[in-house]
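Reminder, nothing fancy here: chain letters follow the sequence lines and each chain counts from 1.
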Amino acid sequence: MLMQQTKQQTYTLLIDDGDEAVKEKKPSKSDNKRKGKVPVVREVRRKVDDDASESEEERVRDQKERQELEQHLRDLDTFRYHLTEQKLSKKEQEEALRRAKDDSHSSRKVSRQEYLKKREHKKLEELRDEIEDEQYLFSGENLTETELREFRYKKELYDLAKKRTEDEDNVEEEKRFAVAVQRYKDLDSREKMDPFAEWEDHQIGLARVRKSDGSVCRLESQYEDGMHPKEAQDAAEKTALEELQEVRKSLPIYGYREQLLQAVEEHQVLVIVGDTGSGKTTQIPQYLHEAGYTKRGKVGCTQPRRVAAMSVAARVAQEMGVKLGHEVGYSIRFEDCTSDKTVLKYMTDGMLLRELLGEPDLASYSVVIVDEAHERTLSTDILFGLDIARFRPDLKLLISSATMDAEKFSDYFDTAPIFSFPGRRYPVEINFTSAPEADYMDAAIVTVLTIHVREPLGDILVFLTGQEEIETAEEILKQRIRGLGTKIRELIICPIYANLPSELQAKIFEPTPEGARKVVLATNIAETSLTIDGIKYVVDPGFSKMKSYNPRTGMESLLITPISKASATQRAGRAGRTSAGKCYRLYTAFNYNNDLEENTVPEVQRTNLASVVLALKSLGIHDLINFDFMDPPPAEALVKALELLFALGALNKLGELTKAGRRMAEFPLDPMLSKMIVVSDKYKCSDEIISIAAMLSVGGSIFYRPKDKQVHADNARMNFHTGNVGDHIALLKVYSSWKETNYSTQWCYENYIQVRSMKRARDIRDQLEGLLERVEIEISSNMNELDSVRKSIVAGFFPHTAKLQKNGSYRTVKHPQTVHIHPNSGLSQVLPRWVVYHELVLTSKEYMRQVTELKPEWLIELAPHYYQRKDVEDDASKKMPKGAGKAAI
DNA sequence: GAGCACTGC
C-alpha cells in the first residue's frame, strides 16, 4: 500500500514539476508559437481550387507544404523532447517543489485572479495569434480569393472584438441556451425524454444486429411488432433465425463447445478465458441449456452493467427464437424482465447479491456464470467470498475473466481449471513517448492533430479524466481547427461522459461522414461501458479519476491517478475492434513497466464498507475479519464499519444483527440512510424521509450549473433554501415541487435541475416506498413539523456532526477534525452553530456536503449511547463570527 | 468560491 502511494506520488510529482519547469523555461512567446503551436495545425491540406490550369501548381505547392509540415512535426517532437529533458533536471524539480510548498496558499488566490484575467483576453489573443499565424506562414504565397477574404475578415473581426469580446460571448451563449430550451420544449412524450432510453436502446440494438464478422444484419424486432403480413413475417423469421444459427456457428467458441461442456461436467468451478468477440457471454448459457442443465435449475449470468444484462438477454432471446422475458430474461434494479418460464437469466451482479439475501443457497440455480469477473466490482468480490459452491456441491460456477487474472481466480478457487479459447481481435500497434510528457492535455491534443494529419482515415478515441478536461480539450481543438478552415480534412469532435445529456451522447454513434474523421473525447466510460465503432486510434494519457476512501477519517476523495497496466491494455484494445489499430500512450515504456500497477485496486479496498458489512451480517456471517476476500480490505475499514453499525443499533454488543439491523438491511442504501428511514416511523414522516433518502442517494448531480448561467442557476437553487431550512429540506422541497408539477421536465429546465437525476430519484423513491411495506413502516407525512424530519435525519446521521469554531470553520464532534461547509450548501453563509452533514469529501479542503442545522440536545436524546453531556456543552457566551449561529431553528 | 470518474442495489 505504501509502495503504491509513493509510486503514485512520484509519478504525479514528475508531471507537476514538469509544469513548473515549463513556466520557468518558457521560450519567448513567438518562439513558442512558431515551434509549438502553429505549424501542426497550420499546414495539412490547402484548399484545391477547381481551376484546372492551376492544378499542377497546386500539386507542387501541396507537396511542398506537406514536406514543410513533416518538418514542423519533427521540430515539434524535438522541441517537446528538449522541454521535457529540461523539466526533468533534478535541480529544477527540487526548486519547483520548494516553491510550490512555500507559497502554495497565496499562489492559489493569485492564480485564480490570473485565470480570470487571462480568460477575459484569451479569445482576443487567439484571434490575434491566428492572424499572426497566417502572416507568418503564408506571407510569401499566393492565397486564393477566399483565403484572402477570410484573412481580411479575421483582421476586421479582431479590431472590432477587441472592444467588446465579452458582450459577444454572452449573446452567443444566450442564443445557444435558447435553442437548447426550445429543443426540450419540442419533445413532448415522456419516453422521448427518458435520458437512458436513447442510448440504452442503441446498445441493445447493437447487440441485436451485430454479426460476428462485423457486418450488420437487419432483423431486429421486425417480426415482433406485427407490422408485416403474416407470411412475410414467417419468412423473415425463418431466414433471420437461420442466419443467426449460422452466425452462432461462426463464433470462435463454437469449436470448443463439446470440450467446454465436458469440462463443466467434470469440474464444479471453472475459470473461462476468452477474448472479447469470442461469444462466451451469449453462447455458454445456450450450450448449457442445450445440454440440459436448465432442467435442474436456472442458469444465471451476471454482468457488471445494466445495459449489458439487457442487451445480451435480448440477443440470446433472439437467437433462441423466444420472446424476451420468457425463457430468456434479465433482471436489473427497477426492472425485472423474467417469468416462471425463464431458464436463462442475465442480471447485474448486484442483483444476484440481493437475491442471495433472500435465497442464501441460490437453490433455484443450477449454474451461475460470473462474467467480466476481472472488473472486480464490489458485488462480484462479495459473491466470491461467500463461496456458495462449497455449500451447494451440485451448483456449477463459471468465472469468465481476462487472460491476466485467470491464474489468480484459479488459485482463489482451489486451483480450479482454466479453460481458454481464442477470441477475435485485430492487432493494435502500441506507441510510447520517448520522454515523459509535462502536460498530458497538450500532448493529447498535439497527438490528435498529428494523427489527423499523418495517418489514414479512422476515428480517434482520447481518454481524459473528467468533464472539465473534456470541455477544455474540445475548446482548444475546435479553436485550432477553426483557424485552418478548409486546409485540413474535417475533424468532428464528440465529447462523451456520463453526465452529458443523452441527446448529445447520441452524437458519438453517428457514422462519420465520408472523408471526415471523428475524434471522441471520453472519460473512463469508453473503457468498458460503451463501445464506439470505427475507432482506429487510441490516445491514452494514462490517467483517470479514482475514488478512494480513508477509513480513519471517513473521508472520500476523488483524485486523478495513473491507470493500471490492465486499464492501459483495455484502452488500447478499443482501437482494434473493427480493424487493426494504433494506440498512442503519452507516457514512456519505462513508466509503463515500472510505475504502473499491474491491476486497478479493487473496489472493495477503497470504499466505505458499512452496507457490505450489514449485508454480510444479515447473511449470518459473523467473523468478518477472517472473511475470505480475494483481496481483503484494510482491517480498519471493517472495524470502522462494525463500529458504525453498532452505533446505529444495527448490531448488538456481540456483533449480532438486531431487529433494527434486519430492517435496515432490506434497503439498498447506506446504513445511515436506512436508519434514518427506520426511525422516521416514530416521527411520522416516512413520506418526507424516503424522498430525502432518494435525493441523497442520487448524489450531487441534482442541480444543473452551466458555466455561462451560474448566477441564474444559483438564484434558482437558492429558492429552495428560503428560510435557511438546510440542504436536506431543500432537497425535499425540490422533489415535492417537481412532483407537484406532475414530474414536469419543463419545470426542471426552468429551475436548473437535472431531469435525469430527478427521474432516478423517483425510481429510487418508488422502490423505497415498496420496501417500507416489507419492514412494516406506514407511509406518513408530517410536512408541518420540519423538526421531526430533522430529528429523523439526525437519528441516522448523528455520527456526522460538527460544531462551529470561532474562526468560522467547523470541528467534527466525535473524532475531532477541522472541516468546512461546502460552498454549494445553502448554509455556507449562514454558519449554524451545530450541523449534521451527509458526507465528508476532500477536494481543496475538507468539506461537508449536504448540511442541516440541529439542536445539540437532540444528540443526547437520539444517541445517548454515543454522546455525553460534555460533547454537546454549548458555551453560548463565546463569541461567534458575525451573523453566525442563527438559522431556521 | 468550488469542481461529480464510473458502476451497482
Check your understanding: So what does A/T348 touch, heavy atoms closer than 4.0 Å: a base, only the sugar-phosphate, or nothing?
Key -> sugar-phosphate
Review point. B/dC4, B/dT7, B/dC9: which one has an atom nearest the side-chain heavy atoms of A/T843?
Key: B/dC4
Exercise for review: Could you tell me whether A/R376 contacts a base, only the sugar-phosphate backbone, or nothing, with contacts defined as non-hydrogen atoms closer than 4.0 Å?
Suggested key: nothing
Check your understanding: Between B/dG3, B/dC9, B/dA5, which nucleotide gets closest to the side-chain atoms of A/K545?
Key -> B/dA5
Practice item. Would you indicate what A/Y847 reaches in the nucleic acid, counting non-hydrogen atoms under 4.0 angstrom: base, sugar-phosphate, or nothing? Key: sugar-phosphate
Practice item. Give one of base, sugar-phosphate or nothing for A/T523, where a contact means two heavy atoms less than 4.0 Å apart. Key: sugar-phosphate
Check your understanding: Within this structure, what is the CG-to-C1' distance between A/L842 and B/dA2, rounded to whole angstrom?
Key -> 13 Å
Practice item. Indicate the ring-plane relationship of A/F409 and A/F384, choosing parallel, tilted or perpendicular according to the 30° and 60° boundaries. Key: perpendicular
Check your understanding: Thinking salt bridges, do A/D727 and A/R849 make one under a 4.0 Å N-O criterion?
Key -> no
Review point. Does A/H822 have a side-chain nitrogen or oxygen under 4.0 Å from the phosphate oxygens OP1 or OP2 of B/dG3?
Key: yes
Practice item. Look at all strands and tell whether A/R305 reaches a base, only sugar-phosphate, or nothing, counting heavy atoms closer than 4.0 Å. Key: sugar-phosphate
Check your understanding: If you check every side-chain atom of A/P823, which of B/dC6, B/dG1, B/dA5 has the closest atom?
Key -> B/dG1
Practice item. Would you classify A/I332 as touching base, sugar-phosphate or nothing, given that sugar-phosphate means primed atoms plus P, OP1 and OP2, and contacts are heavy atoms under 4.0 Å? Key: sugar-phosphate
Practice item. Determine the contact category for A/E527: base if any of its heavy atoms lies under 4.0 Å from a base atom, sugar-phosphate if only primed atoms, P, OP1 or OP2 are that close, otherwise nothing. Key: nothing
